[in-house]
**Student:** 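This is the structure I want to talk about, given as structure tokens.
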Amino acid sequence: MGNIVKERKSRPVNLDLQTIRFPITAIASILHRVAGVITFVSIAILLWLLSLSLSSPDGFQSAAAIVDSFFVKLILWGILTALAYHIVGGIRHLIQDMGYFEELESGAQSAQVAFVITGVLSVLAGVLVW
């Protein structure tokens with residue numbers, strides 16, 4: 001009985017994060033998750049703002065004054081953009097679950113389409129907020 005020694009195959013290891021290039025499908029998937037987290041966290045902010053606005057006429061005036069600032073409008077625009085991307089990405093994933101756009105090339109094209117649709121929705125959200 002001889003000694004069985006498993007040899008490790010030497011493979012390149014790239015630890016320089018600045019040189020790693022993700023495919024567009026990976027970027028779309030990661031951004032979909034990030035947009036989901038942003039949407040989830042923003043629910044608390046939006047519910048607080050809704051509660052304040054419904055509490056009394058003074059509360060409504062306070063909420064309106066808060067929403068009137070540029071910084072808050074920018075945050076609301078970001079929340080709406082994240083929500084739009086999460087919805088568009090979710091629809092894209094549902095379509096892929098039905099068996100469409102699963103190939104590498106068509107998956108990359110569907111990710112690009114999702115980015116374009118989100119860009120249009122983001123501009124519309126900006127018009128809505130401002």
**Student:** Mind checking the NE2-OG1 spacing from H86 to T118? Nearest 0.5 Å is all I need.
**Tutor:** 11.5 Å
**Student:** Is there a chain of hydrophobic side chains (I, L, V, M, F, W, Y, each step under 4.5 Å between heavy atoms) that links L54 to L76?
**Tutor:** no
**Student:** Is L52 close to I66 at the side-chain level, that is, under 4.5 Å between some pair of heavy atoms?
**Tutor:** yes
**Student:** Supply the atom-to-atom distance I43 CD1 to L50 CG, rounded to the nearest 0.5 angstrom.
**Tutor:** 12.5 Å
**Student:** Y85 and F22: same hydrophobic cluster, using ILVMFWY side-chain contacts below 4.5 Å?
**Tutor:** yes
**Student:** Looking at I20, I want to see if its CD1 is surrounded by more than 12 non-hydrogen atoms of other residues, nucleotides or ligands under 6.0 Å.
**Tutor:** yes
**Student:** With heavy-atom distances below 4.5 Å as the criterion, would you say the side chains of I79 and T39 are in contact?
**Tutor:** no
**Student:** Rounded at 0.5 Å granularity, tell me how far CD in Q96 sits from CD in E103.
**Tutor:** 9.5 Å
**Student:** Considering non-hydrogen atoms only, spot the tightest contact between A82 and A35 and give its length.
**Tutor:** O-CB, 3.4 Å
**Student:** Same cluster for I27 and I30 if Ile/Leu/Val/Met/Phe/Trp/Tyr side chains link at under 4.5 Å?
**Tutor:** no
**Student:** Looking only at the aromatic ring of each residue, does the gap between the centers of F70 and W130 stay below 6.0 angstrom?
**Tutor:** yes
**Student:** Is the side chain of S62 donor-acceptor paired with the backbone N or O of D58 at a distance under 3.5 Å, no angle test?
**Tutor:** yes
**Student:** Membership question, hydrophobic clusters at under 4.5 Å side-chain separation (ILVMFWY): are V72 and W48 in the same one?
**Tutor:** yes
**Student:** For residues I95 and R92, determine if any side-chain heavy atom of one lies less than 4.5 Å from a side-chain heavy atom of the other.
**Tutor:** no
**Student:** With rounding to the nearest 0.5 angstrom, report the CG to CD1 distance, L121 to I87.
**Tutor:** 8.5 Å
**Student:** Side chains of Q109 and S106: is there a donor and an acceptor less than 3.5 Å apart?
**Tutor:** no
**Student:** Under a 3.5 Å distance rule, please check whether S29 uses its side chain to pair with a backbone N or O of T25 as donor and acceptor.
**Tutor:** no
**Student:** A side-chain contact here means heavy atoms from C-beta on lying under 4.5 Å apart; do V88 and F115 qualify?
**Tutor:** no
**Student:** Within a radius of less than 6.0 Å around CZ of F101, do more than 12 heavy atoms belonging to other residues, nucleotides or ligands occur?
**Tutor:** no
**Student:** Quick one, V67 and L49 - any side-chain contact, counting heavy atoms below 4.5 Å?
**Tutor:** yes
**Student:** Group every Ile, Leu, Val, Met, Phe, Trp and Tyr by side-chain heavy-atom contacts under 4.5 Å, then state whether L128 and W77 land in the same group.
**Tutor:** yes
**Student:** Starting at CD1 of I24, measure out to CG of L104 and round the result to the nearest 0.5 Å.
**Tutor:** 11.0 Å
**Student:** CG/L83 to CD1/I38 distance, rounded to the nearest 0.5 angstrom?
**Tutor:** 11.0 Å
